[in-house]
Amino acid sequence: MPIYEYKCNSCAKVFETIVTSASTTEEIQCIHCGSTDIIRLPSTVNSIKKAAALPNAVPQACRAKSGFS
Ligand SMILES: [Zn+2]
């Protein structure tokens with residue numbers, strides 16, 4: 001399940017939550033203050049962090065996969 005980042009408009013804090021396909025923004029509450037006045041942030045932050053932390057992981061995995069197939 002994807003994890004999305006949200007920013008609360010009431011307390012201005014950013015939090016992450018797992019979102020199921022059935023969930024909507026209206027059903028998600030701020031974990032800090034319980035407000036439903038939140039906005040979803042672009043989920044590219046986590047991808048960038050992972051790529052920076054493991055710069056060689058993805059190319060190596062791709063090579064290994066193609067070699068076995
Ligand atoms: Zn809040």
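Ligands are counted one by one from 1 in listed order, and the atoms in each one are counted from 1 as well. Just so it is clear, the values below take in all heavy atoms, side chains as well, and ignore hydrogens, waters and symmetry mates. Every value quoted in this text rests on a predicted model; they were computed, and no experiment measured them.
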Q. Does any non-hydrogen side-chain atom of Ile3 lie less than 4.5 Å from one of Thr17?
A. no

(Q) Classify the ring geometry of His32 against Phe15: parallel below 30°, tilted from 30° to 60°, perpendicular beyond 60°. (A) perpendicular

Q: Using a cut-off of 2.8 Å, find all protein N, O or S atoms closer to the Zn ion (ligand 1) than that distance.
A: Cys8 SG, Cys11 SG, Cys30 SG, Cys33 SG

Q | Minimum-distance pair of heavy atoms, taken over all atoms of Cys8 and Ile38 | A | CA-CG2, 3.7 Å

Q: Decide side chain to side chain contact (heavy atoms under 4.5 Å, CB included) for Ile28 and Tyr6; before the verdict, give the C-alpha distance in whole Å, the side-chain angles of both, and the deciding distance to 0.1 Å.
A: CA-CA 9 Å; Ile28 298 168; Tyr6 290 86; 3.1 Å; yes

Q: For side chain to side chain contact (heavy atoms under 4.5 Å, CB included), just list the numbers for Ser10 and Cys30, CA-CA rounded to whole Å, side-chain angles, deciding distance to a tenth of an Å, and then say yes or no.
A: CA-CA 9 Å; Ser10 294; Cys30 172; over 6 Å; no

Q) Can you tell me how far the CD1 atom of Ile31 sits from the NZ atom of Lys13, to the nearest 0.5 Å? A) 9.0 Å

